[in-house]
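Per chain, numbering begins at 1; letters A, B, ... match sequence-line order.
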Amino acid sequence: MGVRVRYAPSPTGLQHIGGIRTALFNYFFAKSKGGDFILRIEDTDRERFQEEALQDLYSTLNWLGIDWDEGPDRNGNYGPYVQSQRTELYREYARRLVESGQAYYCYCSSERLDDLREKQKKDKEDFGYDRKCRNLSDAEISRCKQENIKPVIRLKIPLEGETVFTDYLLGEIIKKNSDINPDPVLLKSDGYPTYHLANVIDDHFMNITHILRAQEWIPSGSLHVLLYKAFGWKPPVYCHLPMVMGSDGQKLSKRHGSTAVRDFKAKGYLPEAVLNYVSLIGWSFDDSREFFTKEELEKLFTLEKLNKAPGVFDYKKLEWFNGNYIRQKSDEQLAQILIPYLVRAGFVEENPSPEEHKIIDGLVPLVKERLKVLSDIKDISAFLFREIDEYNIEELIPKKLDASKTVEILENIKSVLDEIFESNEEKTEELFKKLAGKLDVKLGDLIMPLRTAVTGSRISPPITGSLKLLGMEKTAARINRVLDILKNEVVNG
RNA sequence: GUCUCCUUCGUCUAGUGGUUAGGACAGUGGGUUUUCAUCCCGCCAACAGGGGUUCGACUCCCCUAGGAGAUACCA
């Protein structure tokens, strides 16, 4: 049988960078091997379940273009692919473990467990369940039953010996059984399985061949292997992926900034940039290449090039990738994906009018190489859609020049405005140069007051294009407004 | 505390006994340019430490240190 891997998130929170990195690696591995990628919903924690998280999972994978061969909404021979729909299976197999003497009912209350944990912490003892119910007498059991306590089922971890499994990346992982989480819960008192039980049963029955998951799962790896052994099953190949860290070297989380993929989408990161960058955390192709499309990764990905060490998520590098992918778009494509951001900024209507479209089309080539994220469009194009709030006089007047000279400059520009709007870019530049010569100022000093007057900032897209987009009327109005300010400055300043 | 994993520039990484230790991001300097950005060129910057093995170690082994993760009726 071919490779079968799965991504099995729990719908308790939004899909984040670390999660989709795991999804991506599983997906790429499956595709590169001509195998199957399975999506499984691990919703056995009914307390923390969020409908929103489930929706977010689908929309995120969809956004990234990750498709699954089997899953909740696909036909597959191993369903259902939602764990909450498989509870009978888990209960049955938990029961079998009890019957074969490899697991037992535990009646300890969560209060007792909490107290136990606290005491262990205080006394600096080893943490973990004290196995109180492992050897309950029949009398005690029937007493608990009478009290109507809902038990959990715990696995009997062997008291001696060691458990070994081979990790594809890390090699042999040997652990003394006495160091394994003492008798972990398999079936919770609400009748749902814990992750440990459900994942082993599902991976077995779904014929999963490889498990690619983050290294934070290594400690439970031994436990899972023990479970396979208890059932008499063969464990899949394990490959624990290096973790994704924040800039402080700790596991990436909200503390480090946005980690939810949908936040990146909202901010204006392109799916191809996110996918490309995330694939490079813990994996590399060679000593130089770092641009990859999804399709290329589907062919090129290999476990051999995985890195063992954890990797820090670098927002700056993602941004750089994003800028590159933005510049790769055609003007038409970019205009299209920019529209929602312009709408959200309140600059254009949901369905832009032909006039608005014209402005957008003209805007795109002006901003294309200036955008790092799509939402940057708001600040960079505001001058086209909003009046300037307030002018900063300092920014209006070029260094080494004064207000009256600036007035002279702007008056001169104003007088040739007609000509400017009739000329193409090249002609306009000639015009500016001629004017600068006449006024005996540098070209930059001629343009800067104009730029600031028209855009409200010394930083703007190229001035000629900006003027044309704004239109002559507004341009003239803004120049006049600045002229008033400056003249006032000449008189009073 | 205990267990497990990890360790090349600030960051992501290439490297599989013999290299001036390569690339990218960031930083920094310069060029192009009407600002910003793009683009181009330069610079800065690493094998955690100590022992072995070997003619020769970033590469293999051991120890130390540091970091991380796990220690739930969460996954």
**Request:** Would you please test A/F37 and A/F28 for ring-ring contact (aromatic ring centres under 6.0 Å, His included) and show each step?
**Result:** CA-CA 9 Å; A/F37 175 64; A/F28 292 142; 9.4 Å; no
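Atom CD of A/E147 has more than 12 heavy atoms from other residues, nucleotides or ligands within 6.0 Å.
Across every strand in view, B/A65 sits in a pair with B/U7 that passes the Watson-Crick or G-U test at under 3.5 angstrom. A 3.5 Å limit on both hydrogen-bonding distances identifies no Watson-Crick or G-U partner for B/A14. Base-pair partner of B/A70: B/U2 (Watson-Crick or G-U wobble, both distances under 3.5 Å). B/G42 is paired with B/U28 under the criterion used here, namely a Watson-Crick or G-U wobble arrangement in which both key atom distances are under 3.5 Å. The partner of B/C36, taking Watson-Crick or G-U wobble pairs whose two distances both stay under 3.5 Å, does not exist in any strand shown. Partner assigned to B/U20 is none, using Watson-Crick or G-U wobble distances below 3.5 angstrom.
Within the 4.0 angstrom heavy-atom criterion, no nucleotide atom of any strand lies near A/E395. Across all strands shown, A/G221 has no heavy atoms under 4.0 Å from either base or sugar-phosphate atoms. A/K122 comes within 4.0 angstrom of no nucleic acid atom, judged by non-hydrogen atoms across all strands. The residue A/P462 sits close to a base: some heavy atom pair falls under 4.0 Å. When heavy atoms are screened at a 4.0 angstrom cut-off, A/N307 is found touching the sugar-phosphate backbone but no base atom.
The aromatic rings of A/F313 and A/Y315 sit perpendicular to each other, their planes meeting at more than 60°, with 30° as the lower class boundary. The aromatic rings of A/Y104 and A/Y129 lie parallel to each other, with less than 30° between the two planes, well short of the 60° mark.
Here B/C3 is the nucleotide among B/A26, B/C3, B/A14 with the atom lying nearest to any side-chain atom of A/D179. Nearest to the side-chain atoms of A/K305 among the listed nucleotides B/C12, B/C36, B/G15 stands B/G15.
Atom-to-atom, NZ of A/K368 to P of B/C36 comes out at 22 Å; the value is rounded to the nearest Å.
Remark: side-chain polar atoms of A/D179 are not paired, donor with acceptor, to backbone N or O of A/K175 under 3.5 angstrom.
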**Asked** How would nucleotides 62-75 of chain B be written as a contact map, 5' to 3', with B for base contact, S for sugar-phosphate-only contact and - for no contact, using protein heavy atoms under 4.0 Å?
**Response** ------SSSBSBBB
